[in-house]
Amino acid sequence: MSRHPHPRPRRKPLAVLTLLLGLLAMVLGPVPGAAADAGWWNPTARPAPDSGINVTGEPFKGTDAQGNVRGFVDAHDHIMSNEGFGGRLICGKPFSDLGVADALKDCPEHYPDGSLAIFDFVTKGGDGKHDPDGWPTFKDWPAHDSLTHQQNYYAWIERAWRGGQRVLVNDLVTNGVICSVYFFKDRSCDEMTAIRLEAKKSYDMQAYIDKMYGGPGKGWFRIVTDSAQAREVVKQGKLAVVLGVETSEPFGCKQILDISQCSKQDIDKGLDELYGLGVRSMFLCHKFDNALCGVRFDEGALGTAINVGQFLSTGTFWQTEQCKGPQHDNPIGLAAAPNAQKELPAGVAVPSYASGAQCNTRGLTDLGDYAVRGMMKRKMMLEVDHMSVKAAGQAFDILESESYPGVISSHSWMDLGWMERLYKLGGFVAQYMSGSEAFSAEAKRTDALREKYHVGYGYGTDMNGVGGWPGPRGADAPTPVTYPFRSTDGGSVIDKQTAGQRTWDFNTDGAAHYGMVPDWIEDIRLVGGQGVVDDLFQGAESYLRTWGSTEQHRAGVNLAAGAASSASSAEWWNPFVNFASGKAVDGDRGSRWASEWNDDQWIQLDLGSVNLVKRVTLDWEAAYGKSYRIEVSTDGANWQTAWSTTTGDGGLDTAQFAGVPARYVRVHGAGRGTQWGYSLYEVGVYSS
């Protein structure tokens, strides 16, 4: 551009620019200057070229006046999924020592027009064709509906952090069956091998970012292994990253024709290894039934494809039954998925399912029970999304029996009927990253529960999780995102995000990649209102409270262990089989008390002295009580009912009530759940 030889005409554009900047300042408030942006939050050695961040202003630090951390939490993301599934399913990498051009390039098999992007046929439909070029043009990806391209580039995560996010759960993820049937791979399909690699790459990414800021510990991306570390990271204004695991066959715990392929020793070894890697939350089942638990079904054509994978993995298709309660699993997808179905052996077809049977027959197995308890011993948080209704219900039974708060629903895959059970325990809920209208409506539907339990809310972006993300509402939407806008905390100004030759606008591009999270939150503010955003801004604190309570949990002392006992009756088979009352307090789940086959039966425990009693756990055998009450007494003569139910369903029951002094505790059956009597493996009595 040539310069004008006379100075006077140049003053007018300068004056106009000054006026525009003044108006902008009036709208946005004080805008941090260039000198301020030279602060700790900007690296001294960012690679060049690289993606833009397009955020100005210092990231907020510290806590509020009450000592609570501030900020958003993404409870479900997959930064390293490009390393899973055989290494070729997700194109591009979240970082590369060779720079952005290497990190954000497409898979070679997608050249020249995407025709060989076979997995796109299943996830997106159509012929999978697209412009495969990433950096610097980004014509067709990343996009909100492009499921096999990198969305978690480190600079895009940096933009989300700058926009107010303070906790991110990085779920290490893979699937051995998808890996095995996908044409392209460059490594083993062993799931635990992939999980180890993704953990290593997560630490490598931390070191990569640290290097930009001058050395170890100086970057904004901080992997944390306890809640105190996380709080300190947020206090510094940085992003606390928690490692989780979401995989279908953890510890090799698959099943083949209903036969488990793992043992309790494998579970202990696997949990110890994951804990050593820094993993603090995990799913026990995902997509396919395994040796630990049954899953919540997928819908549509994807559901059909997953059901095919279930058969290829286990030798059995999903099996359904009528639900026992109001909760239910997703309807099984019945739409055709030809590319998946052709993988089935000759003569094998996906079965049809009765519309009234919407629950998985498979719940939590004995090994799954062992794994849940193993996670509790290690103070890890259990992810219940993807568990079948039956499995989730049984998991809640175990957690409630120990008053264990470490339970997470991170991306809208738990039946909402379980939400209050979760909040009562002290757990945390996040919603899948859906469109602003749907997300806001769902947030408001559950707002009363959050208010009741004084908790914040989270989102689960599930980026690189092959799920799909919010599409554009359109530039002509009644309340479009207007750039630039201020972050929720008010300290940063966020403009349109640019990388190479591409600039993304949320109004026309939607949530194309992780950098659009602040834009999506602004869209939620415009569509759903400030109240929804306020709940989200309290999310990091609530997540860390759940984590901290999990770490601090101590197993209660069972006051009933070895207690003197008596019963109204004991079933008799022969002189060699003993069902006496003492079998229910001997600590052996292989023995049990069993009554005669009548309704009005009881078992009574003498705790030896008066104790505060708040909780009673009942581990029922198949012969359970449908209607029964917990009675307490200080003298064994005068009794009061502390708790009762008429809707018992067997399994593991927990009766919780206001603390009451008692030396004697009696479980009094009023109505049987079967034609047999009442039978208990163990009775537990607790003061906490």
Side-chain angles (χ1 to χ4, degrees), residues 41-55 59 74 77-85 87-108 133-136 138 141-142 146 148-163 165 168-174 186-187 194-224 233 238-244 277-278 461-465 497-500 502 504 512-517:
W41 55 94
N42 278 323
T44 57
R46 188 186 297 279
D50 204 0
S51 171
I53 309 300
N54 306 103
V55 180
D74 179 355
D77 186 32
H78 301 294
I79 299 175
M80 295 298 167
S81 64
N82 60 292
E83 302 292 353
F85 309 100
R88 298 291 283 274
L89 187 68
I90 304 294
C91 303
K93 295 176 276 191
F95 75 99
S96 171
D97 290 330
L98 299 178
V100 65
D102 179 66
L104 297 180
K105 66 181 181 182
D106 211 355
C107 299
D133 289 337
W135 178 272
F138 296 113
W141 71 270
S146 176
T148 61
H149 297 91
Q150 184 58 244
Q151 297 173 296
N152 277 314
Y153 187 58
Y154 91 91
W156 301 341
I157 297 174
E158 181 177 350
R159 177 179 163 90
W161 159 62
R162 293 283 298 273
Q165 188 169 299
L168 185 157
V169 180
N170 176 26
D171 283 318
L172 314 176
V173 65
T174 191
D186 56 23
R187 63 196 64 174
I195 296 303
R196 294 182 193 107
L197 177 61
E198 290 182 36
K200 177 184 181 300
K201 289 289 187 179
S202 298
Y203 287 101
D204 289 348
M205 181 164 151
Q206 176 177 261
Y208 176 81
I209 295 170
D210 279 352
K211 188 176 179 181
M212 296 182 206
Y213 287 80
K218 295 189 175 181
W220 53 269
F221 184 94
R222 312 303 325 148
I223 297 174
V224 295
V233 165
K238 299 181 180 182
L239 178 68
V241 180
V242 185
L243 297 186
L277 291 173
T461 62
D462 204 13
M463 291 280 182
N464 285 4
Q497 199 272 321
T498 298
R502 178 75 186 271
W504 282 272
H513 59 69
Y514 208 91
M516 304 304 288
V517 168

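Shortest non-hydrogen contact noted between I209 and G219 is CG2-CA, 4.2 Å. Closest non-hydrogen pair, S96 versus D102, comes out as OG-OD2, 2.6 Å. A499 and W504 get closest at one heavy-atom pair: CB-CZ3, 3.7 Å. Taking every heavy atom of both residues into account, Y213 and P43 meet most closely at OH-CD, 3.3 Å. Of all heavy-atom pairs spanning D186 and G87, the tightest one is OD1-CA, 3.9 Å. For the pair V241 and F221, the tightest heavy-atom approach, listed with the atom from each and the gap, is CG2-CE1, 3.7 Å.
With sequence neighbours excluded, no residue forms a salt bridge (charged side-chain N to carboxylate O under 4.0 Å, His left out) with E198. In terms of the side-chain hydrogen bond (donor to acceptor under 3.5 Å, both in side chains) criterion, residue partners of Q150 (sequence neighbours excluded) are, by chain and number, N464. In this structure A160 satisfies the side-chain contact (heavy atoms from CB on, under 4.5 Å) test together with Q165, Y514, V517, P518, sequence neighbours excluded. Every residue meeting the ring pair (Phe, Tyr, Trp, His ring centres under 6.0 Å) condition with H149, not counting sequence neighbours, appears here in chain and number order: H110, H130, W141. With sequence neighbours excluded, the residues that form a side-chain contact (heavy atoms from CB on, under 4.5 Å) with R222 are Q206, D210, V233, K238. Partners of Y154 by ring pair (Phe, Tyr, Trp, His ring centres under 6.0 Å), not counting sequence neighbours, listed by chain and number: Y208. Residues passing the ring pair (Phe, Tyr, Trp, His ring centres under 6.0 Å) test with Y153 are W156, sequence neighbours excluded. In this view, K201 satisfies the salt bridge (charged side-chain N to carboxylate O under 4.0 Å, His left out) rule with no residue, not counting sequence neighbours. In terms of the salt bridge (charged side-chain N to carboxylate O under 4.0 Å, His left out) criterion, residue partners of K200 (sequence neighbours excluded) are, by chain and number, D204. Residues forming a side-chain hydrogen bond (donor to acceptor under 3.5 Å, both in side chains) with N170 (at least two apart in sequence, or on another chain): S202.
Taking the side chain as every heavy atom from C-beta outward, V100 and P47 never approach each other to under 4.5 Å. For the pair D97 and K211, the minimum side-chain heavy-atom distance is 4.5 Å or more. W220 is listed as a side-chain neighbour of I157, based on a closest heavy-atom distance under 4.5 Å. Counting heavy atoms from C-beta outward, R162 and N42 have side chains that approach closer than 4.5 Å.
Separating the CE atom in M516 from the CE atom in M463 is a distance of 9.0 Å, to the nearest 0.5 Å. The line from CG of D77 to CG of L168 is 5.0 Å long, rounded to the nearest 0.5 Å. Between atom CG of residue L104 and atom SG of residue C91 there is a gap of 11.0 Å, rounded to the nearest 0.5 Å. Taken from SG in C107 to CD1 in I90, the straight-line distance is 8.0 Å, to the nearest 0.5 Å. Note that CD of Q151 and OG of S146 are 7.0 Å apart. Values are rounded to the nearest 0.5 Å. One finds the CG atom of L277 at 8.0 Å from the CZ atom of R196 (value rounded to the nearest 0.5 Å).
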Does the side-chain contact (heavy atoms from CB on, under 4.5 Å) test come out yes or no for F95 and I79, once each step is laid out? CA-CA 10 Å; F95 75 99; I79 299 175; over 6 Å; no

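With 3.5 Å as the limit, one finds a donor-acceptor pair spanning the side chains of S51 and Q497.
A donor-acceptor pair under 3.5 Å is formed between the side chain of N152 and the backbone N or O of H78. At distances below 3.5 Å, at least one donor-acceptor pair connects side-chain atoms of T44 with backbone N or O atoms of M212. Using modelled atom types, one side-chain atom of R187 and one backbone atom of E83 make a donor-acceptor pair closer than 3.5 Å.
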